[in-house]
Amino acid sequence: MRLLSWFGDIRLPIKFLLVASFLGFGLLALGLNYQQTLSLNGQALARNNQLNTLSNLVDAVTINALEARNAEKDFQLGKDPKQVDVFEHSMDKVEEALSLISGQLRTDADRGVVDGIQQQLDRYQDDFHRSATAKANDPQQAQWRVGMENAIAALSPLMERFYRIKQDYQTQDAAVHKQEQRLRLEWFAIAAGLMLLTLVTAGLIVRYGVLRPVADLHRTISHLADGDMTARSHIHSRDELGRLATTLDRLLDERIQVLTDKERENAELNRSIVALLENLFRLGERDLTVRVPVAADVTGVVSDSVNRLAESFAAVLQEVRRVADDVADTSLSVKTQATDVMDSADLEQQEIAQTLIGLNQAVTAMQSIFGLAQNAGDISQQTIHSTETAEQSVNQTLASINKIRSTIQDAEKKIKRLGERSQEIGGIVKLLDNFSERTHILSLNASMQAAAAGIAGKGLMVVVDEVQRLAENSREAAADIEGLVNNIQLETADTMQAINTVIGDVVAGTQLAQQAGDTMQATRNNTESLVSAVAHIARHASEQTEVAEQLRFRAVSIEASAASTNAKMQHQTQLSETLVSAAALLQTAIAQFKLAEA
Amino acid sequence: MAATSEMLSAADNQALGLRHGIPIGGWRLLLPAGQAAELVSQPDITPLANLPTWCLGISNWHGNVLPVFDWASLLGATSAVRPYRVLVLGTAPHFWALCLKNDPQRLTALQPLPLIEVNAPPLLQAYLLGGYRDGQHTWLDIAYDGLLLHLKTLASLDGPSPQTR
C-alpha cells in the first residue's frame, strides 16, 4: 500500500488523532442516527399515547353518553330525580372528555365534528333539562323528547365520524410510523456506511501507521531472540515508531559490533590463557628458563608477574645454588682444615712432649748458666776498660777528620769562584761571537752593495774581504775561547764533583768515626749493663729454674688440653662431613630445577 | 736611467765575475744583478691573517714596510726556522724580503749554461733568465719581478711589490 505509506511519516499522536476523529465522526453519525431514532420513537410513542388518550376519551364520551342516555331513558320511564343527577354527571364527564378531545385533535375538521357532537349533546342536555325540570304534562315534553331524539340521531353520524377519527389517526400514525421507519433505516444505513468508512480509514491508519511498524519491530525482536543477529526492522518512516526502529537498528548494529569485538577479544584472551597455562605447566615441571609470552590483554599482567616470579625464583635458586656451592666448598675446606688442624694437634702433642723433655734439659742448663754468668761478669769488667781506651782514640780521629773537612770546604769555595769567572768569560765570548756574526753580516751586506755598485764597488770589495777575514778570524777566536772556557767549566765541574765526593767521604768518615765513638760508648754502657745483667742472670737463673719447673707442669696441662682439642676437632670434622653431605643434598635439590646458565 | 745603470752594473759584475747566490728549498738562486741587497739578522716579522704559509708577514726595515716570504716551503722544502735570517731585495720603494736558512754566498768565475740545459722547478721555469755553473752547483738567474707578480696573483698579496708602480 504505497499510497498509504505516507501515513508512516505522520506522527503517532496525529495518527491517533485522525483515528479518533474518524471514529468520533462515525460515532457521531451513529449517535445522530440513534438520537433521531429515539426522537422518532418518542414521536411515535407520543402519537400512540395521544391515540390512546383519544381512544379513552372517545370511550369515555361514548360510555358517559350512553349512561346519560340510559339515565335519560330511566328518567323518562321512572322520573327518578337521581337519574337526572346521573345524567348531569355523565354529561359533565362527556363534556369534560370532549373538551379534552379537542386538544387531541389534529385538524379543524375533526374539531368541527367534536363541536358538532358537543352542540348536539348540548341540545340533548338542554332538552333533557327542560324536560326534567318541566312537568310531565308539559306540552313541550314531546318536543323536547323529539329534540333529544333528533340530537341523538344527529349524534350517530357524528359519533361514527368521531369513531373514524381515531381510526384515521391510527392509519395516519401507522403511515407516518412506516415512513419514519424507512427514513430511519436510510439514515442508519448512511450512518453505518460512514462508520464503516471511518472504521476502514482508521483501521488503515492504525494498520499501516502503527500496527505494521510494531509488527515489524516485533518480528525483528523475535528474530533477534531466536539468534538471528542480522535481523533489522528496515523501517524508515519519520514518525516515532520509525525513529524507534532506526534507533533499534543502529543499537543492534553497535551491539553486534561490540559483541563481535568481545568475541574476538575473548578468543585472543583464551589463546593467551592457554599459552599461559602451558608455560605454567612447564614451570611446574621445574623448568625455570621458561618465559611466558606477555600479551597485550589482561593475561599480560599475569604473564609479566609470572615471569618476574620465575625470574625472582630462578635468581633466588641461582643464589641458593651459589651459596650451596660455596657452602659445599667451604665445608670441604673446613673439613680439610679440621683434618689439618687435627694433624697439627697431633704434632703439637708431640711437640709438647718434646718441649717437656726440653724443659728438663733447660733446668739443667740454667744451673750451668748460673756458673757461667759469674765468669762473664769478670770478663765484662776487662771489656769496659778496653772500650774506654778505644773511645779516646776515636775522639782524636774525629777531630782530625773535621779539620780535613774544613780545608776541603775552603778549596770548594775557591773552585766555585773559579767556575763563576769562567762563566763570565763565556758571556764575553758570546759577545765576541755576536760581534763576529754581525761583522760577517756587515761583510755580506758590503759585498752585495759592492756587487750592486759594479766597478765603483771594486775598492769596497777590498774592505769587504778584509772585514770578512776579520769576522772569520774573530769567529774562530771566539769559538776557540768558547771551547777553552767550556773545557775549563767541564774540568771545574769535574773538580767540584771530585771535591764533593771527597767531602762526602770525609763526612761519611766523620760519621763513621762518630758512630764508632758512639758505638764505643754504647759498648761500654752495654758492657756495664752486661755486667749488671750477668749478675741479674745469675740471680734469675735460679728463679728460672723454678719457672721451668712450673712450665713443665703447664706443659703437661697443655698436653691434656691439646688432647681435648684434638677430640673436639674430630667432632668438628664429623660435623664438617655432615655439612658437606647436606650441601650436596641441597645442590641435588636445586639441580632438579632447570636454570639459565649464569 | 735606472735600467741603464742596472745594465752597466750587470756588465761590471760580469766583468768582475762577482755574483751572490742564495740556496732556497734545495735550489740555488742568484741575486738580481745590479740590485743592492741587505742581510738582516732576526728581524721582527708581524704575521698577517689570511695569507699562505710562504708569506710570513711584514717587517719594518729602516722605516720601510716590506713583505717577507719563505720560498723554501713554496719550492717543496722544509720551512725556515726561527731565528730568521732575512735578505732584503728590490728597489725603492718596492722592497721585499726572503727568509734564508743559510747565508748568501759570494760567487766568482761563474760559467753561463745554455738555457735548455738548465734544470729549474716548475714554479720558476717561466721566469728563468739563465743558468750558471760554479764548478759544483748550478745557479739559476730568475726574473724576480715577474715571479713576484705571479705570486701576488696566487696569494692576492696587497703590498709593495716591484710591479705595483
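Fair warning: this is a prediction, and the values are worked out from it, not measured in the lab. So that the names make sense, note that chain A is the first sequence line, chain B the second, and so on, each numbered from 1. Computed over heavy atoms, backbone and side chain alike; hydrogens, waters and symmetry mates excluded.
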If I compare all heavy atoms of [X] with all of [Y], which pair ends up nearest, and what's the gap?
| X | Y | result |
| --- | --- | --- |
| I45(B) | L56(B) | CG2-O, 3.6 Å |
| L87(B) | M448(A) | CD1-CE, 3.6 Å |
| Q125(B) | A120(B) | OE1-O, 3.0 Å |

When only heavy atoms count and the cut-off is under 4.5 Å, which of residues 436-446 of chain A reach chain B? E437(A), H440(A), I441(A), L444(A), N445(A)
Measuring from E482(A):CD to N487(A):CG, what's the distance to the nearest 0.5 Å? 10.5 Å
V306(A): which of T299(A), V301(A), V292(A) passes side-chain contact (heavy atoms from CB on, under 4.5 Å):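 The passing option is V292(A).
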Verdict with supporting geometry, R106(B) and H20(B), side chain to side chain contact (heavy atoms under 4.5 Å, CB included): CA-CA 5 Å; R106(B) 287 179 57 185; H20(B) 291 84; 3.4 Å; yes
